[in-house]
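A short worksheet on the structure shown next.
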Amino acid sequence: MNEKFYTLSDEKRQKIINAAMEVFSQNEYKRASTDLIAAKAGVSKGLLFYYFHNKKELYLFLYDYVIEVMKEQVVDEKFYEITDFFELLSYCAGKKVKVLSRNPYITDFAMRAFYSEKEAVSDDLKQINVSQTEELYEMYFSSIDADKFREDANPYTVMKMLIWMADGYLHDLQMSGKPIDVDVLMEEFDRWMTMFRKLVYKEEYQNGRD
C-alpha cells in the first residue's frame with residue numbers, strides 16, 4: 001500500500017474504507033467492482049490504485065483494518081481488570097457485538113472473507129487467521145487466573161474449541177442463507193461458555209464463584 005494513503009484526511013480515508021467495505025461485503029471477491037468502490041468513495045479508479053496497487057492489496061488492507069478496529073474497541077480499562085477466562089470471553093464478545101451493530105457492513109465483509117475459498121485472497125486470509133488466533137490469545141488472556149482450570153484442561157485449547165463452534169454456527173447460517181442475528185449468536189455463545197465452564201473448571205469455580 002502507498003503510504004500516501006495515510007496523508008489523506010481522516011474523512012477521505014474513511015470514505016474510501018467505507019466504500020470498499022460496502023462493495024466487498026455485498027459481493028464475492030472476484031465479482032466486487034473496483035469501479036464501484038471508486039465511485040462510492042468519490043475518487044477516480046486511477047487514484048484508488050495509486051493508494052492501493054491492486055484489488056488484492058485493498059482487500060487485505062481492509063481485512064487487517066477490521067481486525068485492528070475490533071482490538072481497539074475491545075481493550076479498555078475494564079478489560080485489564082477481568083481475570084476470569086469466561087468472564088473475559090463474554091466481555092470481549094459483547095464489545096464486538098456493539099461494534100458490529102454500529103457497522104453493519106463489517107459483519108458481512110468478515111463472513112465473506114473468513115469463509116473465502118478458491119479466491120485470489122483465500123490463502124493470504126487463512127494465514128492471517130491462523131496467526132491471529134495465537135496473537136489474540138496472548139493479547140486477551142495473558143493475565144487470566146489459570147488456576148481455576150482443571151489440570152487436564154488447557155485454556156488455549158478451550159478458546160480454540162469455542163471459536164470452532166462459533167465458526168460452525170455461522171457457517172451453517174451462511175450455507176442455509178439465513179441472516180446473522182448477533183443477539184441470538186450471543187445467547188448461543190453464553191450457553192456454550194456455561195457448558196465449558198462446568199467441563200474445564202475446578203468444581204469450586206464452575207458456577208462463577210471466585
Side-chain angles (χ1 to χ4, degrees), residues 10 13-14 17-18 20-22 24-25 60-116 125 128-146 148-149 154-174 178-201 205-210:
D10 289 343
R13 282 203 314 272
Q14 199 61 50
I17 289 170
N18 291 345
M21 186 83 69
E22 179 182 353
F24 281 129
S25 72
L60 294 177
F61 165 82
L62 206 62
Y63 195 63
D64 284 336
Y65 169 81
V66 169
I67 291 173
E68 292 305 314
V69 166
M70 286 298 187
K71 288 180 183 177
E72 291 173 4
Q73 294 299 314
V74 166
V75 180
D76 56 16
E77 291 184 7
K78 184 176 180 180
F79 173 90
Y80 291 107
E81 297 174 359
I82 304 172
T83 59
D84 182 85
F85 177 84
F86 292 102
E87 287 180 17
L88 191 55
L89 263 178
S90 180
Y91 185 74
C92 292
K95 295 278 281 187
K96 289 182 177 181
V97 165
K98 289 181 180 179
V99 175
L100 296 176
S101 65
R102 294 195 301 267
N103 302 274
Y105 293 125
I106 287 182
T107 302
D108 291 336
F109 171 74
M111 284 292 294
R112 285 187 182 278
F114 193 85
Y115 293 111
S116 171
L125 292 173
I128 292 172
N129 290 332
V130 169
S131 64
Q132 278 295 310
T133 300
E134 295 183 4
E135 182 180 330
L136 291 177
Y137 180 80
E138 291 298 323
M139 177 182 176
Y140 289 170
F141 301 104
S142 58
S143 300
I144 62 165
D145 184 359
K148 292 183 177 181
F149 283 82
N154 182 287
Y156 179 67
T157 301
V158 175
M159 184 197 73
K160 288 184 68 175
M161 292 175 72
L162 283 164
I163 290 174
W164 294 336
M165 290 176 71
D167 289 344
Y169 176 85
L170 292 171
H171 188 59
D172 280 348
L173 288 180
Q174 186 188 47
K178 296 178 180 178
I180 299 171
D181 186 322
V182 291
D183 291 328
V184 174
L185 175 59
M186 279 299 296
E187 291 176 5
E188 291 292 337
F189 196 66
D190 285 340
R191 279 196 285 270
W192 301 338
M193 287 195 295
T194 298
M195 177 181 66
F196 269 89
R197 179 187 285 271
K198 293 180 179 179
L199 289 172
V200 302
Y201 264 10
Y205 301 117
Q206 290 179 3
N207 294 317
R209 299 188 302 270
D210 293 330

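Computed from a prediction, not measured in an experiment: that's the story for all the values here.
Summarising the geometry of Val74 relative to Tyr91, their closest heavy-atom pair is O-CE2, 4.0 Å, with the distance given to 0.1 Å. Annotation for Leu62 and Ala20: closest pair CD2-C, 3.7 Å, computed over non-hydrogen atoms. The heavy-atom pair separating Tyr156 from Asn154 by the smallest distance is N-OD1, 2.9 Å. Contact between Leu88 and Ile82 at its shortest, heavy atoms only, is N-CG2, 3.6 Å. Closest of all the heavy-atom pairs between Ala93 and Met186 is CB-SD, 3.6 Å.
Note: Ile144 CD1 to Leu89 CG = 9.0 Å, rounded to the nearest 0.5 Å. Here the OH atom belonging to Tyr137 is positioned 9.0 Å from the OG atom belonging to Ser142, to the nearest 0.5 angstrom. To the nearest 0.5 Å, atoms NZ (Lys96) and CZ (Phe189) are separated by 8.5 Å. Taken from CZ in Phe196 to CD in Gln206, the straight-line distance is 13.5 Å, to the nearest 0.5 Å. To the nearest 0.5 Å, the span separating OG1 on Thr157 from CE on Met161 amounts to 8.0 Å.
Ring-plane geometry between Phe109 and Phe24 is classed as tilted, the angle between the planes lying from 30 to 60 degrees on a 0 to 90 degree scale.
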Self-check item: Audit row: Val184, Tyr169, side-chain contact (heavy atoms from CB on, under 4.5 Å) steps and yes/no
Solution: CA-CA 11 Å; Val184 174; Tyr169 176 85; 3.3 Å; yes

Quiz prompt | Worked verdict on Val158 versus Leu199 for side-chain contact (heavy atoms from CB on, under 4.5 Å) | solution = CA-CA 10 Å; Val158 175; Leu199 289 172; over 6 Å; no

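Salt-bridge formation is detected for the pair Glu188/Arg191: a Lys NZ or Arg NE/NH1/NH2 atom is positioned less than 4.0 Å from an Asp or Glu carboxylate oxygen.
In summary, the side chains of Asp84 and Tyr201 do present a donor paired with an acceptor at a separation below 3.5 Å, with no hydrogens or angles considered.
For the pair Ser25 (side chain) and Met21 (backbone), a donor-acceptor distance under 3.5 Å is present. Between the side chain of Arg197 and the backbone N or O of Tyr205 there is at least one donor-acceptor pair closer than 3.5 Å.
Inter-residue side-chain proximity for Met195 and Met165 is flagged as met; some heavy-atom pair is nearer than 4.5 Å. Residues Asp76 and Lys95 form a side-chain contact, since some pair of their non-hydrogen atoms from C-beta on lies under 4.5 Å apart.
With a 6.0 Å radius and a threshold of 12 heavy atoms from other residues, nucleotides or ligands, Met193 has its CE atom above the threshold.
In this structure, the ring of Phe141 has its center less than 6.0 angstrom from the ring center of Phe85.
Legend: residues meeting side chain to side chain contact (heavy atoms under 4.5 Å, CB included) with Gln14, ordered by chain and number and at least two apart, are Ile17, Asn18, Tyr65. Here Lys71 pairs with Ile67, Glu68, Gln132, Glu135, Leu136, Met139, Tyr140 under the side chain to side chain contact (heavy atoms under 4.5 Å, CB included) rule; sequence neighbours left out.
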